[in-house]
Amino acid sequence: MNIFRILGDVSHLLAMVILLMKMWKSKSCAGISGKSQLLFAVVFTTRYLDLLTSFISIYNTVMKVIFLLCAYITVYLIYIRLSKTYDSENDTFRLEFLLVPVIGLSFLENYEFTPLEILWTFSIYLESVAILPQLFMISKTGEAESITTHYLFFLGLYRMLYLANWIWRYHTEKFYDQIAVVSGVVQTIFYFDFFYLYITKVLRGKKLSLPMPV
């Protein structure tokens with residue numbers, strides 16, 4: 001454990017709480033991609049199967065359970081409790097374009113050809129692209145609410161802090177996880193344009209808007 005890992009976990013948790021609070025207070029999930037949240041729920045489910053087989057620490061176990069609960073509650077709110085406010089017309093990203101290559105890559109590039117290891121690898125690859133339906137939805141509608149942009153900012157910050165964590169661990173422990181690092185870099189790249197718009201617009205009190213696709 002190091003400060004970058006802890007701050008990354010806090011940022012990740014804060015992003016999920018911001019999203020849940022937004023939906024709970026407004027009684028609406030408008031502007032939120034249910035497909036992205038469904039993918040994140042799949043990510044946590046396949047990654048944290050080791051909860052049933054191993055114990056690392058109380059911190060590790062508690063955080064995993066919290067992330068799973070937040071992910072499931074978010075999906076429940078979008079597709080059941082607040083389904084009437086779900087913008088399915090604009091949440092149209094084709095998930096098979098992500099799932100098919102991710103599944104194939106998980107079988108081809110992994111550390112050990114066992115069910116748990118393949119599912120863990122699948123979760124790492126899937127997380128790197130799970131935000132794409134949300135970004136696609138924003139580009140399709142042309143704008144995003146401030147709360148949604150705060151959620152995306154902290155989610156992107158979590159990935160950047162984890163990159164710092166891996167760099168720190170490499171220099172202090174000589175530890176290097178190629179699959180996690182490469183996937184993390186890919187995921188962080190997806191946030192670059194958003195970070196620029198967040199800093200230049202949202203932090204100045206302006207609404208984040210994007211050009212509408214032709």
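Seen from the ring of Tyr170, Lys174 counts as a face-on cation partner, given the 6.0 Å and 45° thresholds.
Of all non-hydrogen atoms in Thr148 and Gly31, the two that sit nearest each other are CG2-O, 4.1 Å. Scanning both residues, Tyr125 and Ser106, for their nearest heavy atoms gives CD1-OG, 3.6 Å. When every heavy atom of Val129 is checked against every heavy atom of Leu98, the shortest pair comes out as O-CD1, 3.6 Å.
The side-chain heavy atoms of Phe67 and Lys64, taken from C-beta on, include no pair separated by under 4.5 Å. By the 4.5 Å heavy-atom criterion applied to side chains, Ile179 and Thr121 are counted as neighbours. The side-chain heavy atoms of Asp87 and Met137, taken from C-beta on, include a pair separated by under 4.5 Å. Two residues are said to be in side-chain contact when any heavy atoms from C-beta on lie closer than 4.5 Å; Arg81 and Tyr76 meet this criterion. Leu82 places none of its side-chain heavy atoms less than 4.5 Å from the side chain of Trp24. Taking the side chain as every heavy atom from C-beta outward, Ile131 and Phe40 approach each other to under 4.5 Å.
Lys27 pairs by the salt bridge (charged side-chain N to carboxylate O under 4.0 Å, His left out) definition with nothing, not counting sequence neighbours. By the salt bridge (charged side-chain N to carboxylate O under 4.0 Å, His left out) test, Lys35 is found to be paired with no residue, residues two or more places apart in sequence or in another chain being considered.
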Evaluate Phe122 against Leu99 for side chain to side chain contact (heavy atoms under 4.5 Å, CB included), listing each step before the verdict.
CA-CA 9 Å; Phe122 167 79; Leu99 291 173; 4.3 Å; yes
Candidate pair Ile32 and Thr74, rule side chain to side chain contact (heavy atoms under 4.5 Å, CB included), full reasoning:
CA-CA 10 Å; Ile32 300 173; Thr74 300; 5.6 Å; no
Test Glu127 against Arg47 for side chain to side chain contact (heavy atoms under 4.5 Å, CB included), laying out the working first.
CA-CA 10 Å; Glu127 186 184 16; Arg47 182 176 303 171; 2.7 Å; yes
Show your working on side chain to side chain contact (heavy atoms under 4.5 Å, CB included) between Tyr111 and Asp177 and close with a plain yes or no.
CA-CA 10 Å; Tyr111 293 130; Asp177 186 333; 2.6 Å; yes
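Val65 and Leu13 fall within a single hydrophobic cluster, where Ile, Leu, Val, Met, Phe, Trp and Tyr side chains are chained together by heavy-atom contacts under 4.5 Å. Residues Leu135 and Phe97 do not share a hydrophobic cluster, defined by chaining ILVMFWY side chains whose heavy atoms lie under 4.5 Å apart. A chain of hydrophobic side-chain contacts below 4.5 Å, direct or via other Ile, Leu, Val, Met, Phe, Trp or Tyr residues, connects Phe136 to Leu155. Hydrophobic clustering of Ile, Leu, Val, Met, Phe, Trp and Tyr side chains at less than 4.5 Å, counting indirect connections, keeps Leu52 apart from Ile66. Cluster membership check: Phe93 does not share its hydrophobic cluster with Val100, using side-chain heavy-atom separations under 4.5 Å among Ile, Leu, Val, Met, Phe, Trp and Tyr.
For the side chain to side chain contact (heavy atoms under 4.5 Å, CB included) with Tyr86, the lone residue among Leu77, Ile80, Ile78 that qualifies is Ile78.
Note that CG of Asn165 and CE of Met1 are 8.5 Å apart. Values are rounded to the nearest 0.5 Å. Between Leu69 atom CG and Phe44 atom CZ the span is 11.5 Å, to the nearest 0.5 Å.
The aromatic ring centroids of Tyr158 and Tyr162 lie less than 6.0 Å from each other. Proximity of the aromatic rings of His171 and Phe4 is defined here by a centroid distance below 6.0 angstrom, and this criterion is not met.
Proximity of a side-chain donor or acceptor of Ser128 to a complementary backbone N or O of Gln187 within less than 3.5 Å is not detected.
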